[in-house]
Amino acid sequence: MRKASGRLAALALALCLLTGCSALLERTYSTAEPHSSKFWESEAAGTLRAENHQDVVNDLLLLVGQHRETATLRLYDFKSELAVTETLEEAAAEVQQETPMGAYAVEFITTSSHPQRGYYEVAVRIGYRRTLEQLQAVVNATSPEALYSLLAAALDDEKTELAVRMGYWGADGETRVEEAMSQLREERELTEAIPWVVNYYPGQENPGLVEFLLDPPEEGLEADEPVLGEDGEALAGEAGEEPEEGEEAPPADGEPESAPEELPEGDGEAAPPAGPEEGKN
């Protein structure tokens with residue numbers, strides 16, 4: 001009896017040990033599948049979907065972020081084509097005028113819709129005034145305090161422009177921008193150089209993106225710069241220079257030179273003026 005109970009105790013202990021080991025050796029496996037955003041149609045590659053105004057705005061911003069020039073949208077739960085047209089116009093205007101990235105990058109947005117069974121299919125075309133490389137070069141900053149370091153790094157890398165997406169602006173954001181630029185220009189001895197150009201998107205009051213043009217072009221011609229012709233040679237005289245007294249001005253381009261007055265035929269003398277006609281008797 002004692003031997004049997006001992007064996008049972010040993011067997012129970014072994015089972016406990018094995019159970020503990022199996023718990024330690026357990027592993028959890030998971031599989032990863034491509035995530036499909038709710039904005040994309042699952043069965044139509046490259047086609048976005050929307051059910052309301054905010055969905056359309058999000059779709060357009062998604063396209064702008066990818067620098068897509070053309071795309072297709074499917075609009076669901078819209079009662080009429082008029083509702084679709086109004087929603088597209090309002091969403092396109094909001095993206096281009098009220099969002100930082102849209103105001104910075106987009107030149108125009110056009111849409112055309114066609115009713116289908118159960119949805120409206122919309123062809124979207126977007127024109128850009130920034131390249132894909134410029135969009136990819138946009139950096140993020142939590143506040144204007146980071147602008148000094150970002151501008152200094154841009155100068156070290158010899159960049160001609162810098163675009164910064166702001167997470168927080170604040171009431172003194174514009175003052176911080178001016179202070180960062182002034183401090184950096186003094187340290188780099190650039191106070192006599194052409195002033196940098198700063199653009200705020202979508203507006204100056206509460207921008208979400210700030211653009212710095214560190215090498216802006218000079219506008220207009222210099223006062224003493226000669227005007228060049230089509231062949232690249234300087235034209236005679238300065239631009240706007242009037243001819244000296246007694247000197248005829250050269251004819252304008254395309255204007256024929258005035259011909260000398262012709263004399264009446266004969267010996268070259270002018271004919272005397274005709275007198276009054278005598279009356280007849």
Evaluate E178 against T175 for side chain to side chain contact (heavy atoms under 4.5 Å, CB included), listing each step before the verdict.
CA-CA 5 Å; E178 297 294 336; T175 303; 5.8 Å; no
Passes side chain to side chain contact (heavy atoms under 4.5 Å, CB included), L88 versus Y120? Steps please.
CA-CA 11 Å; L88 291 173; Y120 287 87; over 6 Å; no
Test log, rule side chain to side chain contact (heavy atoms under 4.5 Å, CB included), inputs T72 and E121:
CA-CA 7 Å; T72 301; E121 186 166 288; 3.6 Å; yes
Given side chain to side chain contact (heavy atoms under 4.5 Å, CB included), test L48 with L63 step by step and report yes or no.
CA-CA 9 Å; L48 291 157; L63 295 174; 3.6 Å; yes
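Residues L209 and I126 share a single hydrophobic cluster, defined by chaining ILVMFWY side chains whose heavy atoms lie under 4.5 Å apart. No path of Ile, Leu, Val, Met, Phe, Trp and Tyr side chains, each step under 4.5 Å between heavy atoms, connects M101 with V164, placing them in separate hydrophobic clusters. Under a hydrophobic clustering in which Ile, Leu, Val, Met, Phe, Trp and Tyr are joined whenever their side-chain heavy atoms come within less than 4.5 Å, directly or via other members, L60 and F108 fall into different clusters. Linking ILVMFWY residues whenever their side-chain heavy atoms come closer than 4.5 Å, directly or via other members, leaves M181 and L213 in distinct clusters.
A pairwise comparison of heavy atoms in G208 and P202 identifies N-CD, 4.0 Å as the closest pair. Listed here is the closest heavy atom pair of Q96 and V106: NE2-O, 3.9 Å. The two residues T111 and V124 have their closest heavy-atom pair at CG2-CG2, 4.1 Å. Among all heavy-atom pairs drawn from Q204 and P207, the shortest one is O-CD, 3.6 Å. In plain terms, the two heavy atoms of V57 and A91 that are nearest each other are CG2-CB, 3.8 Å. Between L75 and V84 the shortest heavy-atom distance is CD1-CG1, 3.6 Å.
Interatomic distance, Q134 CD to T131 OG1, rounded to the nearest 0.5 Å: 4.0 Å. With rounding to the nearest 0.5 Å, the separation of CZ in R125 from CD1 in I109 is 13.0 Å. In this structure, CG in L61 is found 8.0 Å from CD in E94, a value given to the nearest 0.5 Å. Between the OG1 atom in T110 and the CD atom in E89 there is a gap of 12.0 Å [rounded to 0.5 Å]. Interatomic distance, CG of L155 versus OG1 of T160, reported as 11.0 Å (0.5 Å rounding). Expressed to the nearest 0.5 Å, how far CD of Q54 lies from CG of D59 amounts to 10.0 Å.
Partners of R185 under the salt bridge (charged side-chain N to carboxylate O under 4.0 Å, His left out) rule, at least two apart in sequence or in another chain, do not exist in this structure. For Y200, the ring-ring contact (aromatic ring centres under 6.0 Å, His included) partners at least two apart in sequence or on another chain are W169. Residues that satisfy the ring-ring contact (aromatic ring centres under 6.0 Å, His included) test with H67, not counting sequence neighbours, are Y128. With sequence neighbours excluded, the residues satisfying ring-ring contact (aromatic ring centres under 6.0 Å, His included) with Y201 are Y104. For the ring-ring contact (aromatic ring centres under 6.0 Å, His included) test, no residue two or more places apart in sequence or in another chain qualifies with F212.
Looking at heavy atoms from C-beta onward, E174 lies out of side-chain contact with V198 at the 4.5 angstrom threshold. Using a 4.5 Å heavy-atom cutoff, the side chains of S113 and E81 are in contact. Contact annotation: the side chain of R49 never approaches that of D55 to less than 4.5 Å [non-hydrogen atoms, C-beta and beyond]. Side-chain atoms of L214 and L151, non-hydrogen and from C-beta on, do get closer than 4.5 Å to each other. Considering only heavy atoms from C-beta on, L162 stays 4.5 Å or farther from W196 through its side chain.
The pair D156-R188 meets the salt-bridge criterion, since a charged nitrogen lies less than 4.0 angstrom from a carboxylate oxygen.
Screening V56, N52, L82 for a side chain to side chain contact (heavy atoms under 4.5 Å, CB included) involving T87 leaves a single residue, V56.
Residues in residues 127-141 take part in these salt bridge (Lys or Arg N to Asp or Glu O under 4.0 Å) pairs, two or more places apart or across chains: R130-E211.
Within a 6.0 Å radius of CD in Q116, other residues, nucleotides and ligands contribute more than 12 heavy atoms.
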